[in-house]
Amino acid sequence: MKIAEVFSSLQGEGLTSGYPTVFIRLAGCNLACTYCDTPASRTGGEEFNVDQLVDQVLNEKPLYVCITGGEPLLQSDEVANLAERLILAGKKVSIETNGTIPFDMLPEEVSICMDVKCPSSGEKSNLTLLSALKPKDSVKFVVGTDEDLTYAQSVIENYSIHAEIFISPVYGTDYQHIAAYILKQNLPARLQLQLHKFIGMP
Ligand SMILES: C[S@@+](CC[C@H](N)C(=O)[O-])C[C@H]1O[C@@H](n2cnc3c(N)ncnc32)[C@H](O)[C@@H]1O
Ligand SMILES: Nc1nc2[nH]cc(C(=O)O)c2c(=O)[nH]1
Ligand code: SF4
Ligand SMILES: [Mg+2]
């Protein structure tokens, strides 16, 4: 597998935000979001096999493991195998994916966080994948503009989503403006900020 980095930090996003977590950041991405905060991981990477990665993760203490990238599902067969091995070892596994690749090959126990790319990203997710999400999963709209907010609201209103919904401002944008929109529109969504960036952790 092409790996960009493996590191432990506090989970900065989503359902397990704040918990100590081991991150496996896979290299390679099929998109080029305007705001991407890990452009270096979109290419390159070092080759590791699943056994090596499992050993490395089991050497770390955190119960939670977050498989991310780059776009991890570009290596979906290996990711499914890796996740299965980590679950069998007692880890709680989540995955961050950009909503362009089906995730039905993943073990049932994996908590999927599917991004829905909004207009300012310059990219688009496959909204038909939303129907495959379950209550253990989550959807994340990363928003930076009013157009992104109205797009997120239209997707929320027009698609049946059975997962937790997060609205996550692009880092450094007007958090109060976005918070006020969520409140005014009474969206069935949770505002999240990238916690790790505020405490200076990776
Ligand atoms: C780097 S991506 C990797 C996983 C996958 N490629 C995706 O986009 O969901 C991890 C998460 O960080 C978010 N993200 C990237 N850059 C960001 C930024 N500048 N501000 C806020 N969130 C950002 C992405 O939207 C995604 O939810
Ligand atoms: N601390 C921390 N939490 C995260 N949650 C999702 C991340 C990601 O880049 O996918 C991330 C990250 O890069 N760092
Ligand atoms: S899909 Fe994720 S990793 Fe790829 S460019 Fe967008 S934010 Fe970055
Ligand atoms: Mg990150």
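In this structure, Glu157 contributes its side chain and Ser154 its backbone to no donor-acceptor pair below 3.5 Å. Distance alone, capped at 3.5 Å, places no donor-acceptor pair between the Lys91 side chain and the Arg85 backbone. A side-chain donor-acceptor contact under 3.5 Å links Ser41 to the backbone of Gly70. At distances below 3.5 Å, at least one donor-acceptor pair connects side-chain atoms of Thr150 with backbone N or O atoms of Glu147. The main-chain N or O of Gly122 is never found under 3.5 Å from a side-chain atom of Lys117 such that the two would form a donor-acceptor pair. Between the side chain of Asp137 and the backbone N or O of Lys134, at least one donor-acceptor pair lies under 3.5 Å.
Contact annotation: the side chain of Leu106 never approaches that of Val93 to less than 4.5 Å [non-hydrogen atoms, C-beta and beyond]. Counting heavy atoms from C-beta outward, Val79 and Ile24 have side chains that stay 4.5 Å or more apart. In this structure the side chain of Arg42 reaches within 4.5 angstrom of the side chain of Cys36, judged on heavy atoms. Using a 4.5 Å heavy-atom threshold, the side chains of Leu74 and Leu26 count as separate. By the 4.5 Å heavy-atom criterion applied to side chains, Cys118 and Val142 are not counted as neighbours. Counting only heavy atoms from C-beta outward, the side chains of Phe166 and Leu15 approach each other to under 4.5 Å. Between Asp115 and Cys33, every side-chain heavy-atom pair lies at or beyond the 4.5 Å cut-off. Using a 4.5 Å heavy-atom cutoff, the side chains of Pro20 and Leu10 are in contact.
Between Ala189 and Ile156, the shortest heavy-atom distance links the atoms CB-CD1, 4.5 Å. Of all non-hydrogen atoms in Arg25 and Phe7, the two that sit nearest each other are NH2-CZ, 3.7 Å. Closest approach of Gly45 to Ala27, counting heavy atoms only: CA-CB, 3.6 Å. Of all the heavy atoms in Ser8 and Pro202, the pair that sits closest is O-CG, 4.5 Å. Between Ser125 and Val116, the shortest heavy-atom contact is OG-CA, 3.6 Å. The nearest pair of heavy atoms linking Thr100 to Lys124 is CG2-O, 3.8 Å.
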Item to check | Candidate pair Asn30 and Glu71, rule side chain to side chain donor-acceptor pair (under 3.5 Å), full reasoning | outcome: CA-CA 7 Å; Asn30 56 335; Glu71 176 42 51; over 6 Å; no
Item to check | Ser17 vs Gln192, side chain to side chain contact (heavy atoms under 4.5 Å, CB included): CA-CA, chis, key distance, verdict | outcome: CA-CA 9 Å; Ser17 183; Gln192 78 150 35; 5.8 Å; no
Next on the checklist: Quick one, Phe103 with Met114, criterion side chain to side chain contact (heavy atoms under 4.5 Å, CB included). Give me CA distance, side-chain angles, the key distance, then yes/no.
Outcome noted: CA-CA 9 Å; Phe103 29 75; Met114 173 183 153; 3.9 Å; yes
Item to check | Trace of the side chain to side chain contact (heavy atoms under 4.5 Å, CB included) decision for Tyr175 with Thr173 | outcome: CA-CA 6 Å; Tyr175 307 136; Thr173 54; 4.2 Å; yes
Checklist entry - Can you check side chain to side chain contact (heavy atoms under 4.5 Å, CB included) on Asn98 and Glu123, steps first, answer last? => result CA-CA 10 Å; Asn98 62 21; Glu123 298 291 358; over 6 Å; no
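To the nearest 0.5 Å, the span separating CD1 on Ile167 from CG on Leu193 amounts to 12.0 Å. Rounded to the nearest 0.5 Å, atoms CG (Leu191) and CD1 (Ile182) are 4.5 Å apart. The OG atom of Ser138 sits 9.0 Å away from atom CD1 of Ile112, with the distance rounded to the nearest 0.5 Å. Between atom CD of residue Gln11 and atom CD of residue Gln194 there is a gap of 10.5 Å, rounded to the nearest 0.5 Å. The line from CD of Glu164 to CZ of Arg190 is 4.5 Å long, rounded to the nearest 0.5 Å. Taken from CG in Asn81 to CG in Leu86, the straight-line distance is 9.5 Å, to the nearest 0.5 Å.
Other residues, nucleotides and ligands place no more than 12 heavy atoms under 6.0 Å from the NZ atom of Lys92. Counting heavy-atom neighbours within 6.0 Å of Tyr19 OH, excluding the residue itself, gives a total of 12 or less. Counting heavy-atom neighbours within 6.0 Å of Gln176 CD, excluding the residue itself, gives a total of 12 or less.
Clustering ILVMFWY residues whenever any of their side-chain heavy atoms sit less than 4.5 angstrom apart, transitively, puts Met105 in the very cluster that holds Met1. Residues Val139 and Leu187 share a hydrophobic cluster, clusters being chains of Ile/Leu/Val/Met/Phe/Trp/Tyr side chains in contact below 4.5 Å. Hydrophobic clustering of Ile, Leu, Val, Met, Phe, Trp and Tyr side chains at less than 4.5 Å, counting indirect connections, unites Ile87 with Ile95. Using a 4.5 Å cut-off between side-chain heavy atoms of Ile, Leu, Val, Met, Phe, Trp and Tyr, with links allowed through other members, Leu195 and Ile178 fall into different hydrophobic clusters. Residues Phe141 and Leu31 do not share a hydrophobic cluster, clusters being chains of Ile/Leu/Val/Met/Phe/Trp/Tyr side chains in contact below 4.5 Å.
The residue from Thr34, Asp146, Asp148 that alone fulfils the side-chain hydrogen bond (donor to acceptor under 3.5 Å, both in side chains) condition with Ser120 is Asp148. Checking Lys140, His196, Lys197 one by one against Glu13, the side-chain hydrogen bond (donor to acceptor under 3.5 Å, both in side chains) holds for a single residue, Lys140.
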